[in-house]
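Written below as structure tokens is the structure these notes are about.
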Amino acid sequence: MKRLLGAGVVVALLVTGGIAGAGTAVAAGDPTFYFDGLLDGVLMPGEGRAELSPGTTGGQDSGRPDGTYVYALSKKPLTDAGWSGGGVPTGLKVDPTGDCAPKAGVAGVYLCDVKEWGNPGPSVSAAGTAGHGVTAYYSLVYVPRGASITAGIKEAQTAGSKAIGPRRAHATVTVKSKAHVAQNTVTQSTPTLRAGGTVQHTVKLHAVDKGKLQVSLSPAAGFRRWDDGELKVTVAGVDAGGAAGAECSHSLGDLGYGNEVRCDIAKPGDYTVTYTLKSEATTPAWKLSATAVYEVYTSGWGDNPETASDFAIASSTPVTQRYRIVGRDAEGGLWDYKGTGKAAELFTPVDPVGGNFDWNQYTALTRLGPVTVQSTGRGAVGRDKAGVLWLHPTSGDGGIYKDRIRVGSGWNVYNTLVGVSDVTGDKKADLLARDASGGLWLYPGTGLNSKPFGTKVKIGTSWNIYDQLVGGVDLTGDGKADLVARDKDGKLWLYRGTGSASNPLASRQQIGTGWQIYNSIVAPGDLTSDGKADMVARDKAGVLWLYKGTGTATQPFGSRVKVGVLGTGFAEYNLLF
């Protein structure tokens, strides 16, 4: 797996005689300015680039840089006063970039104007034909405004023979082949973490190069991202055993916001890095993925050795799912509203679903059940103008839907299609269809994309009295998906799910009046993270209202609440689902 990576090993700074250090009087205009050294860059042929500028700069009091960065690049170590190696070897290329320009008549020297806190510098890239082991030696010297540029160039050309300081440093850029770097190997052991307990995970590294070992933790496939403080797992410590030359650290606080374990590996050898995870007693039952990367390549999409290993948190506290709704606009585009789990602000800012697919080609479109923010769920079906039904499975990757799959033709005999999740008790999402005479038909789900529905079964008559049917969630707290229907007088009726294929819906009961003020009703799932399914309804002004679920059959909703700022612009959609 290719990954964009950060910097390599930072060269230590030493304040030595002849080099001005922080707090020392220097030339006017830039008191106490310094930079933190340079990076040894490692490139894969044809991939990435090494930025030569220092990582950070600083100064005390009113110190501001005002002068010139002198960069010197050579095919040889920077100890030759005659500068016979000026320039980079075959296979490497220098891009001056920004405020930098080559010094006329001096191969491999670049001058960059430095003002305020700008930090300019050239970059080096490797051609696809660059040979393994090709190395460029480079240095940086800061010359304050008014000081001698000529002297600064000479100092940069011979920087390898001098100590590194806060205004002078040197490093290398080296090409390493993909085959060579693949000799570095990483393996992991990630046993289960029990809520309220600790566990040790182990990374074994065989290093033939120096580099950085990084371990990051993220939600495993099918699990959503956690909020700050929600996971309740921390790294309690890290230890590096084996060959000498490893310095390790770990993150503090919440996981998943960077590299949780980091080890600088200074020399080849075999290392065993053990880190301890600690969880609170109320940690939810997440499944996590530990990704260990050994960063030899310091820049670009290099093929660094990498391995991933999933592990579970054994807990009786479930991970609360979060759901989304989607709006279709007049141009046939989809807009995604991801649930936050918080009643005060139900959705994150709207995102376009993307792609060039025209969703307005469907005359009927319904989800088969709620769709989570991580794009799990059965998906959606759409009927086109020719009467062909298409299945759009969920992507499972944070998008929404995959490419469509043809289900069959002849679906124009129905005036309503509604996904109802599982009403037959077999854990497969089902579909209801109403024909022109008011007959209600059940298409039992199979769970297969190639043939998503079984043979239809008629389960009702006279269903034309309803102008909206909404299904897919358990509104009564009995674990079975229910159906809601609105009649033409605005009365709302509940059909409790039975979980029986032969008789999937119980007799109706009235649960509301006045619902004719809404032109769209959606049952997205639990939007407020209280374990109870909610509903949302859009009025004719385009305002969205939340009906928070109670989980009881007699009164399945509380009083309506206007959805926050994002709830006022829904009039632009011709369909919500």
Side-chain angles (χ1 to χ4, degrees), residues 186-205 213-241 248-263 272-293 306-323 339-342 369-378 394 396-398 421-422 427 447 474 477-479 525-526 528-533 551:
V186 185
T187 59
Q188 292 191 87
S189 174
T190 57
T192 297
L193 171 62
R194 295 192 173 278
T198 61
V199 71
Q200 286 190 334
H201 286 183
T202 300
V203 182
K204 291 189 176 181
L205 169 66
L213 177 66
Q214 310 270 26
V215 181
S216 60
L217 298 172
S218 60
F223 284 78
R224 67 171 173 84
R225 188 76 172 179
W226 51 82
D227 296 334
D228 289 351
E230 187 182 14
L231 183 63
K232 303 173 185 175
V233 174
T234 56
V235 180
V238 59
D239 177 69
C248 297
S249 61
H250 63 87
S251 64
L252 300 174
D254 290 339
L255 299 182
Y257 294 90
N259 295 306
E260 273 66 56
V261 174
R262 304 166 295 278
C263 295
T272 298
V273 176
T274 302
Y275 61 94
T276 301
L277 296 178
K278 181 180 180 180
S279 70
E280 297 181 18
T282 55
T283 295
W286 249 281
K287 190 173 184 180
L288 305 184
S289 182
T291 301
V293 183
E306 177 175 329
T307 182
S309 179
D310 291 352
F311 67 97
I313 298 174
S315 172
S316 59
T317 303
V319 176
T320 56
Q321 289 287 12
R322 290 184 183 162
Y323 300 93
T340 65
K342 301 173 179 64
V371 178
T372 66
V373 295
Q374 66 268 27
S375 305
T376 59
R378 186 67 184 99
T394 50
D397 62 1
S421 292
D422 173 28
K427 301 185 187 300
D474 170 25
D478 61 0
D526 177 15
T528 58
S529 294
D530 62 358
K532 301 176 178 66

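At distances below 3.5 Å, not a single donor-acceptor pair connects side-chain atoms of Ser279 with backbone N or O atoms of Lys232. In terms of modelled atom types and a separation under 3.5 Å, the side chain of Gln188 and the main chain of Thr307 share a donor-acceptor contact. No donor-acceptor pair under 3.5 Å is formed between the side chain of Arg262 and the backbone N or O of Leu213. Listed for the His201 side chain is a donor-acceptor partner under 3.5 Å among the backbone atoms of Pro191.
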Please tabulate, one pair per line, all N/O donor-acceptor pairs under 3.5 Å involving side-chain atoms of residues 312-320, not counting sequence neighbours.
{"unit_1": "Ser315", "atom_1": "OG", "unit_2": "Thr283", "atom_2": "O", "d": "2.5"}
{"unit_1": "Ser315", "atom_1": "OG", "unit_2": "Thr317", "atom_2": "N", "d": "3.0"}
{"unit_1": "Thr320", "atom_1": "OG1", "unit_2": "Arg224", "atom_2": "NH2", "d": "3.2"}

>> As a quick check of understanding, evaluate side-chain contact (heavy atoms from CB on, under 4.5 Å) for Gln321 and Asp526, giving each step before the final call.
In response: CA-CA 7 Å; Gln321 289 287 12; Asp526 177 15; over 6 Å; no
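Here the closest heavy-atom approach between residue Leu231 and residue Pro284 is recorded as O-CD, 3.8 Å. Between Leu255 and Glu260, the shortest heavy-atom distance links the atoms CD2-CG, 3.3 Å. Shortest non-hydrogen contact noted between Ala533 and Asp474 is CB-O, 3.4 Å. Closest heavy-atom contact between Lys278 and Ala236: CB-CB, 4.2 Å.
If you run side-chain contact (heavy atoms from CB on, under 4.5 Å) between Val203 and each of Thr190, Val238, Val215, only Val215 comes through.
Between the CD atom in Gln214 and the CD atom in Glu306 there is a gap of 11.5 Å [rounded to 0.5 Å]. One distance of note links NE2 of His250 with OG1 of Thr234; it measures 8.5 Å at 0.5 Å rounding. In this structure, Leu205 CG and Thr187 OG1 are separated by 9.0 Å, a value rounded to the nearest 0.5 Å. In this structure, CG in Asp310 is found 8.5 Å from OG1 in Thr291, a value given to the nearest 0.5 Å. Atoms CG and OG, on Asp227 and Ser529 in that order, are 8.0 Å from each other to the nearest 0.5 Å. Note that OG1 of Thr202 is 8.5 Å distant from OH of Tyr275, once rounded to the nearest 0.5 Å.
With contacts defined as side-chain heavy-atom distances shorter than 4.5 Å, the pair Phe311/Leu277 qualifies. The shortest side-chain heavy-atom distance between Tyr323 and Thr372 falls under the 4.5 Å cut-off. Side-chain contact between Leu288 and Trp226 is present, with at least one heavy-atom pair separated by less than 4.5 Å.
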